[in-house]
Amino acid sequence: MASNMAERDRGFAAGLATAMADGGVSIPYVFLKHYHRLNISDADAMLLIQLIAFRDKEEKALPTVEEIQERMSSEGDAVVRMLQRLMKQKLLDIVESVDPISGMQVERYSFTPLWMQLAELLSKEEMREEVAVSSPAGPSGQAAAQDGGKQEDNLFYIFEQEFGRPLSPMEIDTINGWLDQDRYSEPLILAALKEAVFSGNVKFRYVDRILLDWSRNNIQTVEQAREYTKKFRGVR
């Protein structure tokens, strides 16, 4: 009886080991080899791997912060900050696509910015090597451009302080949209946030409305925004 149970346990363990060996997630080798050169920390790299696993193995293209947190040793706030950092560094994005089964618009994490940055990194490296081979001067231009990293969380941090909570991935995406698509400057965005706080209406939609109103009135600097606001309050 005992020998039968032991044999059954060994069979179960063997089956489980086979399942683990067959159930891997495909991670590009160039990512594992070079992610640190994009200023991606080990924790951020693990977060990206978890997002790929959610997508490939569970068909969850936009897992919640809570779902991600269950997989990692980080707290929920830390996960949100990692997502902020990756999106600020343009290594991760949230995009809309059409679900092929339901035909509905769905949101998902896109890794295209990450793969593009990796490709550009390797392409530049290959070009430098070609120049080094053809030029006797050698690789003198190795002062590689690296995105300044210390102020990357500044804008997000200020918003979190005013809102009194971590920002959601969609709110992070909204801020990135203001910066990248609408081309609002960081000081102007902070001025709009300050105006929302002054008005007692600390909501993303209200901040967006302020920025849109300023844009329609060709307000491009904090000084212009301050003068415009004074006139607006004077009229009101």
Distance in Å, [X] [atom1] paired with [Y] [atom2], rounded so as to fall on 0.5 Å steps:
| X | Y | atom1 | atom2 | answer |
| --- | --- | --- | --- | --- |
| I189 | K194 | CD1 | NZ | 16.0 Å |
| L188 | S215 | CG | OG | 9.0 Å |
| E120 | L38 | CD | CG | 9.5 Å |
| L51 | L62 | CG | CG | 9.0 Å |
| R205 | D208 | CZ | CG | 9.5 Å |
| R216 | D213 | CZ | CG | 7.5 Å |

Steps toward side chain to side chain contact (heavy atoms under 4.5 Å, CB included) verdict (L179, L155): CA-CA 11 Å; L179 291 167; L155 186 62; 4.0 Å; yes

Determine whether [X] and [Y] fall in the same hydrophobic cluster, where Ile, Leu, Val, Met, Phe, Trp and Tyr are linked whenever their side-chain heavy atoms lie under 4.5 Å apart.
| X | Y | value |
| --- | --- | --- |
| L114 | L32 | yes |
| L212 | I175 | no |
| V222 | L193 | no |
| M170 | F111 | yes |
| L91 | M116 | no |

For E58, I'd like to know if atom CD has over 12 heavy atoms of other residues, nucleotides or ligands within 6.0 Å. yes

Shortest non-hydrogen contact from [X] to [Y]?
| X | Y | value |
| --- | --- | --- |
| L83 | I68 | CD1-CD1, 4.5 Å |
| K88 | F156 | CD-CE1, 3.5 Å |
| P166 | D77 | CG-OD1, 3.0 Å |
| E107 | A61 | O-CB, 4.4 Å |
| L92 | S110 | CD1-O, 3.6 Å |
| A196 | I210 | N-CD1, 3.9 Å |

[X] side chain near [Y] side chain, heavy-atom distance below 4.5 Å:
| X | Y | value |
| --- | --- | --- |
| W178 | V207 | yes |
| I27 | I52 | yes |
| L211 | D182 | no |
| M87 | I94 | yes |

For [X], which residues count as a salt bridge (charged side-chain N to carboxylate O under 4.0 Å, His left out) partner, sequence neighbours excluded?
| X | answer |
| --- | --- |
| D173 | none |
| E75 | none |
| E223 | R226 |

Return the set of residues passing side chain to side chain donor-acceptor pair (under 3.5 Å) with R209 (not counting sequence neighbours), or none when no residue passes. none

Holding to side chain to side chain donor-acceptor pair (under 3.5 Å), I want the full list of residues that pass it with K90, two or more places apart in sequence or in another chain. D180

Once ring pair (Phe, Tyr, Trp, His ring centres under 6.0 Å) is applied, what residue pairs with a partner in residues 30-68 remain, sequence neighbours excluded? F31-Y35

Whether the side chain of Q69 engages the backbone of V65 through a donor-acceptor N/O pair (distance < 3.5 Å, no angle test) should be reported. no

Please confirm whether the backbone N or O of I40 pairs with a side-chain atom of D44, one donor and one acceptor, at under 3.5 Å? no

Apply side chain to side chain contact (heavy atoms under 4.5 Å, CB included) to residues L86 and L48 and explain how you reach the verdict. CA-CA 9 Å; L86 290 168; L48 288 165; 3.9 Å; yes

Tested for side-chain contact (heavy atoms from CB on, under 4.5 Å) against F159, the lone hit among L167, I172, V202 is L167

Is it true that E160 and Q84 share a donor-acceptor pair across their side chains at a distance under 3.5 Å? yes

